[in-house]
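Worksheet: the structure to be examined is printed underneath.
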Amino acid sequence: MADGSESDGFEWLGERPLAAAPRLLGNVLEVGARSGRIVEVEAYEGVDDLASHAAGGRTARNAAMFGRAGLLYVYRSYGVHWCANIVCGTEDRPGAVLIRALEPLTGLDEMWADRPRARTVTDLCSGPGKLCAALGIGGHHDGTDLLSAESPVRLLMAESGGPVGPVVRGPRVGITKAADRPWRFALEGNPHVSRPRPPWS
DNA sequence: GACAAGATTGACT
DNA sequence: GTCAATCTTGTCC
């Protein structure tokens, strides 16, 4: 990306995760023929955020989080599910934005094939583990450059250039440390958002 | 080498 | 609404 041709429009990924998170809403994540619009995210800062994987310093697992903005950080949750993050910030100040929910756009048939238990379209990608399964994202994608046209996983700019409609904010989900920080963002009223659903205070 | 914790999900009551 | 499944990573001895 030295020429900047692939990152045009995503320069703000170099900002703090808290600033970049709401701007990711509405943009598109693409894996092969499958793609989905990002409708829910959570921001995780670096060493200052106890809930962040980067809080304990750099390890083999979270190395991608300490890379440059625009990389994909994938980790396994509860030994069962994969969760996908988009690395934000700078290498001096690591951080990432967890993708919690997508609105399926293309490749629905392949998503259903990988998530046979999903009952409805809104159940396909309404959770971090679900969307990784639906898109086929796994540990082998850790460290992938989302802004390169060559990558198997790509982040695409929405036609609108960002979120359409109001964005709602609430506390993060499923964590025990720093759980009070309202760093979860979602598109208001979108049926693909994971539980617990808005309205949030 | 052993142990505890975890950014979840799905099945069951 | 409640609870078990599952396994990798990091920490401690």
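Proteins get letters first, then strands, A, B, ... in listed order; numbering begins at 1 in each. Hydrogens, waters and symmetry mates are skipped; everything else that's a heavy atom, side chains included, is used.
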So what does A:Arg115 touch, heavy atoms closer than 4.0 Å: a base, only the sugar-phosphate, or nothing?
sugar-phosphate

DNA chain B nearest-nucleotide lookup for A:Asn85 and A:Lys130: closer to the 5′ end is A:Asn85

N/O-N/O pairs, protein side and nucleotides 5-12 of chain C side, under 3.5 Å:
unit_1 : atom_1 : unit_2  : atom_2 : d
C:dT6  : O2     : A:Tyr78 : O      : 2.6
C:dC7  : O4'    : A:Gly79 : O      : 3.2
C:dG10 : OP1    : A:Thr59 : OG1    : 2.1

Which dot-bracket notation, 5' to 3', represents the base pairing of DNA chain B when pairs are defined as Watson-Crick or G-U with both distances under 3.5 Å, crossing pairs as [ ], and inter-strand pairs as |?
||||||.|||||.

Specify the closest pair of heavy atoms between A:Val153 and A:Thr144, including all atoms of both residues, with the distance to one decimal.
O-CG2, 3.9 Å

In plain terms, say whether A:Glu42 and A:Arg100 are close enough for a salt bridge, that is, a side-chain N and a carboxylate O under 4.0 Å apart.
yes

NZ/NE/NH1/NH2 to OD/OE distance under 4.0 Å, A:Arg68 and A:Asp145
yes

Taking all heavy atoms of A:Ile38 and all of A:Leu187, pick out the closest pair and write down the distance.
O-CD1, 4.2 Å

According to a 4.5 Å side-chain heavy-atom criterion applied to Ile, Leu, Val, Met, Phe, Trp and Tyr, with indirect links allowed, do A:Val41 and A:Val87 form part of one hydrophobic cluster?
no

Footprint ends on DNA chain B, 5' to 3', for atoms under 4.0 angstrom from a heavy atom of chain A, come out as B:dG6 to B:dA11

Note, A:Leu72 side chain near A:Asp142 side chain (heavy atom, < 4.5 Å):
no

If I compare all heavy atoms of A:Gly46 with all of A:Ser52, which pair ends up nearest, and what's the gap?
O-CB, 3.8 Å

Shortest non-hydrogen contact from A:Glu40 toward A:Leu25
N-CD2, 3.5 Å

For a salt bridge (Lys or Arg N to Asp or Glu O under 4.0 Å) check, start with the C-alpha distance between A:Lys177 and A:Asp49, then their side-chain angles and the critical distance, and finish with the verdict.
CA-CA 8 Å; A:Lys177 301 169 185 172; A:Asp49 181 4; over 6 Å; no

Quick one: label A:Arg172 by what it contacts on the DNA or RNA (base, sugar-phosphate, nothing), any heavy atom closer than 4.0 Å.
nothing

Any carboxylate oxygen within less than 4.0 angstrom of a Lys/Arg side-chain nitrogen, looking at A:Glu45 and A:Arg16?
yes

